[in-house]
Enquirer: 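Below are the structure tokens for one structure; questions will follow.
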Protein chains: 2
Amino acid sequence: MNKYSVKKLSQLAGVSVRTLHLYDKMDLLKPSVRTGAGYRLYGEKELLRLQQILFYRELDFPLKEICDILDDPAFDLMQALEEHKVALLARKERINTLIGTIEKTLVTLKNNTMLQAADLYEGLPVEKVAECRTAAMSKWGKDMILEVEDTLRALGSQEMAAMQTELNNITNRLTTLIGDPQHEKVQQCIARRYEIITRLTGGKIAPGKLEYFRTLGELYAADKPDVTADGLPSRQMAVFISEATAYYHKNTRH
Amino acid sequence: MNKYSVKKLSQLAGVSVRTLHLYDKMDLLKPSVRTGAGYRLYGEKELLRLQQILFYRELDFPLKEICDILDDPAFDLMQALEEHKVALLARKERINTLIGTIEKTLVTLKNNTMLQAADLYEGLPVEKVAECRTAAMSKWGKDMILEVEDTLRALGSQEMAAMQTELNNITNRLTTLIGDPQHEKVQQCIARRYEIITRLTGGKIAPGKLEYFRTLGELYAADKPDVTADGLPSRQMAVFISEATAYYHKNTRH
DNA sequence: TATAGGGTATGACCTAAGGTAAGAGTCAAG
DNA sequence: CTTGACTCTTACCTTAGGTCATACCCTATA
């Protein structure tokens, strides 16, 4: 029966000495014997056990649970594996969402077409703007449109930029929270969003104002089907926000 | 300009007060001002910044990196996002591998048909065993087969079980390491595996012995196409092991 | 004016799985 | 007998906070 020192065993198994010390202290892998000087010596059985430990560790099982797997005879390994698999699937799903979010953010960054605040119509094709204004005036009335433009200009470019940046942030954050419109954090974002939009539109949201904002936004995003009016990354997102907002208004007294 | 206390801001943003303390200490989010009593007060700009922080945090960016993103004007956000995406893709790939490993392990557990060590042929259809033995004897000689059987029996059921468990472990571990046959840890496993097989076959691996082991294994695994001779979870795994073993023998002097 | 309740600040200890280092003891070879 | 390699224990560091403990601050009410 040959014995392995910590170093030999660590090299054999490809782990650090520290790891063996740790496993010893947490009763996951004890040496078969200690020399008079306190040196740890491991036998074949321990090497065997270490192999098992490393297998489960590689699967991202926490060491405590590995301890149970190996020591508790009543432990249901198959069930543990099934559950672990479910947990891994959830992690994978979350990562997929994150990757999607990043991709959308990159798209938004690449063709950053948010309203640039300083000059309302700068950068837009002149004839399209004119067409849009005319259409909007005949739809919601000339005064409404002028009021919107005044409100925007009155804010000053700094505050305007700040608010739009924050709207941007909130939309980004909502992207990460997509799912349950009634979720607490979602509702917090919606409340904040509502407040900003209210201020953007000069104190109250009259019919027509928001729509005109949207129409302007659509002009900017005309050739990017993936980025909707107010910077929303997708139709799914728009639906989500409108659901969350509906719930918000239903449960809030202004 | 309204100011938020820690609690108000924490409720507004859906984080804990502790989190705000932490972000303060690590210079990620400082209050805009402190009262005479040392109370933290945050303004709109800070709320804005917190929204950004939470967005990147949700994407699993470490807080230190968020600090850079927000404070370093030279920071290349797009590149950071691209890199982060790559990292997330790698994590996802790893999780996929883990899920695959678990599934294979579950298959192996469900129809646990590894050699049961104590009684060599127990549990096998008698006529198949006879047929197999006869074929093997005519192929590699009667003496060889008898020698194999003697070797196995001579080991005693305990050691036999131990070694097979360890072989099992090693195969499991190799499953998690699949990829580069020359990788250090792979080669450690292969060395260990070689040692055990050598002992299992009575000191030397003569042509025929291993093949007979395999044939026996195939009997056990006959109706499970996914589990090959010696418990390998797949053909891919078999190829991987044989490559790694070839490299091992080429670089080792026995 | 005193007190009760709630908000706040700081500091300390805890999590998982070790990395890294310090200081001291052990072992085998020259 | 010394040197170098090995080993021991102890302790501090990492992430992103959670959870006390203790003490201070503020305000409303009796």
Side-chain angles (χ1 to χ4, degrees), chain A residues 2-42 46 50 52-70 84 87-88 91 94 98 176 185, chain B residues 2-42 46 50 52-70 84 87-88 91 94 98 176 185:
Chain A
N2 37 357
K3 297 289 184 183
Y4 307 108
S5 68
V6 271
K7 181 154 212 202
K8 287 219 194 88
L9 183 61
S10 77
Q11 287 171 340
L12 225 54
V15 303
S16 74
V17 172
R18 172 75 225 258
T19 300
L20 294 179
H21 286 172
L22 189 69
Y23 290 1
D24 183 4
K25 189 160 55 182
M26 71 196 313
D27 291 336
L28 181 53
L29 180 70
K30 307 291 257 187
S32 64
V33 69
R34 291 265 200 154
T35 72
Y39 284 25
R40 294 170 178 83
L41 290 182
Y42 299 87
E46 284 71 34
L50 183 52
Q52 295 181 303
I53 293 171
L54 295 182
F55 173 69
Y56 292 111
R57 188 186 71 166
E58 206 79 26
L59 289 179
D60 270 11
F61 275 91
L63 297 184
K64 290 237 172 96
E65 199 170 345
I66 298 179
C67 220
D68 291 341
I69 292 178
L70 297 183
H84 197 60
L88 287 176
R91 270 160 65 176
R94 168 154 189 270
L98 296 189
T176 70
K185 297 186 178 176
Chain B
N2 38 357
K3 297 288 183 182
Y4 307 108
S5 68
V6 271
K7 181 153 210 200
K8 286 216 196 89
L9 183 62
S10 78
Q11 286 170 341
L12 225 54
V15 302
S16 74
V17 172
R18 173 74 224 258
T19 300
L20 294 179
H21 285 174
L22 188 70
Y23 289 0
D24 184 4
K25 188 159 56 180
M26 73 196 311
D27 292 336
L28 181 54
L29 180 70
K30 307 292 257 188
S32 64
V33 70
R34 291 267 200 152
T35 72
Y39 285 24
R40 293 170 179 83
L41 290 183
Y42 299 87
E46 284 70 35
L50 183 52
Q52 295 180 303
I53 293 170
L54 295 182
F55 173 69
Y56 292 112
R57 188 185 71 164
E58 206 79 26
L59 289 180
D60 269 9
F61 276 91
L63 297 184
K64 288 240 175 91
E65 199 169 344
I66 297 180
C67 219
D68 291 341
I69 293 178
L70 298 183
H84 197 61
L88 287 175
R91 268 160 65 176
R94 170 155 187 269
L98 296 190
T176 70
K185 297 187 178 177

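Every chain is numbered from 1, with letters handed out A, B, ... down the list of sequences.
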Enquirer: Identify the two heavy atoms, one from R94(B) and one from E58(A), that lie closest to each other, and give their separation to 0.1 Å.
Expert: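 What the structure gives for the nearest pair is NH2-O, 3.1 Å.
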Enquirer: Of all the nucleotides listed (dG17(D), dT10(C), dG19(C)), which has the minimum atom distance to the side chain of T19(A)?
Expert: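 For the T19(A) side chain, the nearest candidate turns out to be dG19(C).
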Enquirer: How many Å lie between NZ on K8(A) and P on dA5(D), as a whole number?
Expert: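 Going from NZ in K8(A) over to P in dA5(D) covers 16 Å.
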Enquirer: Is there a side-chain contact (heavy atoms from CB on, under 4.5 Å) between R91(B) and R91(A) once you walk through the steps?
Expert: CA-CA 10 Å; R91(B) 268 160 65 176; R91(A) 270 160 65 176; over 6 Å; no
Enquirer: Identify the two heavy atoms, one from E46(B) and one from L29(B), that lie closest to each other, and give their separation to 0.1 Å.
Expert: O-CD1, 3.6 Å
Enquirer: Using atom types as modelled and distance alone, determine if a side-chain donor or acceptor of S32(B) lies under 3.5 Å from a backbone N or O of L41(B).
Expert: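 Pair found, side chain donor or acceptor close to backbone of L41(B).
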Enquirer: Can you give me the bend angle of the helix from dT1(C)-dA30(D) to dG30(C)-dC1(D)? Use the axis through the first five pairs and the one through the last five, nearest 10 degrees.
Expert: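 The helix from dT1(C)-dA30(D) to dG30(C)-dC1(D) shows an end-to-end axis angle of 40°.
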Enquirer: Which one of V15(B), L28(B), I66(B) satisfies the side chain to side chain contact (heavy atoms under 4.5 Å, CB included) criterion with Y23(B)?
Expert: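 Between Y23(B) and the candidates, side chain to side chain contact (heavy atoms under 4.5 Å, CB included) is satisfied uniquely by L28(B).
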Enquirer: Roughly how many Å is it from CG in D60(B) to P in dT15(D), rounded to a whole number?
Expert: 15 Å
Enquirer: Looking at CG of L63(A) and CG of L22(A), how far apart are the two atoms once the value is rounded to the nearest 0.5 Å?
Expert: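 That separation rounds to 7.0 Å.
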Enquirer: Are S16(A) and dG19(C) close enough that a side-chain N or O sits under 4.0 Å from OP1 or OP2?
Expert: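 Checking dG19(C) against S16(A), a side-chain N or O does come within under 4.0 Å of OP1 or OP2.
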Enquirer: With a 4.0 Å cutoff (strictly under), does any side-chain N or O of H21(A) reach OP1 or OP2 of dC8(D)?
Expert: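 Indeed, a polar side-chain atom of H21(A) lies that close.
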Enquirer: Taking NZ from K25(B) and C1' from dT10(C), how many angstroms apart are they, rounded to a whole number?
Expert: 9 Å
Enquirer: Rounded to whole Å, please give me the gap between CZ in R34(A) and C1' in dC8(D).
Expert: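 That distance rounds to 8 Å.
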Enquirer: Round to the nearest Å and state the distance from L20(B) atom CG to dG7(C) atom P.
Expert: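 Rounding to the nearest Å, CG of L20(B) and P of dG7(C) are 15 Å apart.
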Enquirer: Detail all sub-3.5 Å separations between protein N/O atoms and N/O atoms belonging to nucleotides 23-29 of chain C.
Expert:
{"unit_1": "dG25(C)", "atom_1": "N2", "unit_2": "Y39(A)", "atom_2": "OH", "d": "2.8"}
{"unit_1": "dT26(C)", "atom_1": "O4'", "unit_2": "Y39(A)", "atom_2": "OH", "d": "3.1"}

Enquirer: NA contact type, V6(A), heavy-atom cut-off 4.0 Å: base, sugar-phosphate, or nothing?
Expert: sugar-phosphate
Enquirer: Evaluate K8(B) against N2(B) for side-chain contact (heavy atoms from CB on, under 4.5 Å), listing each step before the verdict.
Expert: CA-CA 11 Å; K8(B) 286 216 196 89; N2(B) 38 357; over 6 Å; no
Enquirer: If you compare every side-chain N and O of R57(B) against the phosphate oxygens of dA16(D) (OP1, OP2), does one of them come in below 4.0 Å?
Expert: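 The answer is no; no side-chain N or O of R57(B) sits under 4.0 Å from OP1 or OP2.
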Enquirer: Drop me the distance from L20(A)'s CG to Y42(A)'s OH, to the nearest 0.5 angstrom.
Expert: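 Output value for this atom pair is 4.5 Å.
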Enquirer: Identify the heavy atoms of M26(B) and C67(B) that sit nearest to each other, and give their distance.
Expert: O-SG, 4.4 Å
Enquirer: Figure out the CG/P separation between L28(A) and dG18(C), and round it to whole Å.
Expert: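 Distance check: L28(A) CG to dG18(C) P gives 10 Å.
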Enquirer: Among dC8(D), dT8(C), dG19(C), find the nucleotide with the atom closest to the side chain of K7(B).
Expert: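 The closest nucleotide is dT8(C).
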Enquirer: Looking at dA17(C), I'd like to know if its phosphate oxygens (OP1 or OP2) sit under 4.0 Å from a side-chain N or O belonging to Y23(A).
Expert: no
Enquirer: Rounded to whole angstroms, how far apart are OH on Y56(B) and C1' on dT15(D)?
Expert: 21 Å
Enquirer: Do T19(A) and S10(A) have side-chain heavy atoms sitting under 4.5 Å apart?
Expert: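 Side chain of T19(A) against side chain of S10(A), heavy atoms only: no contact under 4.5 Å found.
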Enquirer: Kindly determine whether K7(A) and Q11(A) satisfy side-chain contact (heavy atoms from CB on, under 4.5 Å), including the steps that lead there.
Expert: CA-CA 6 Å; K7(A) 181 154 212 202; Q11(A) 287 171 340; 3.7 Å; yes
Enquirer: Does any part of the side chain of D60(B), heavy atoms only, come nearer than 4.5 Å to the side chain of H84(B), both counted from C-beta?
Expert: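 The answer is yes; the side chains approach within 4.5 Å.
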Enquirer: Please report, rounded to the nearest Å, how far the P atom of dT7(D) is from the CG atom of L41(A).
Expert: 10 Å
Enquirer: Quick test: give all pairs of protein nitrogen or oxygen and nucleotides 12-14 of chain D nitrogen or oxygen below 3.5 Å, distance rounded to 0.1 Å.
Expert:
none

Enquirer: Both F61(B) and D24(A) contact DNA chain D. Which one's nearest nucleotide lies toward the 5' end?
Expert: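 Whichever sits nearer the 5' end wins; that is D24(A).
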Enquirer: What's L22(B) touching, base or sugar-phosphate or nothing? Going by heavy atoms closer than 4.0 Å.
Expert: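 Base contact - L22(B) has a heavy atom under 4.0 Å of at least one base atom.
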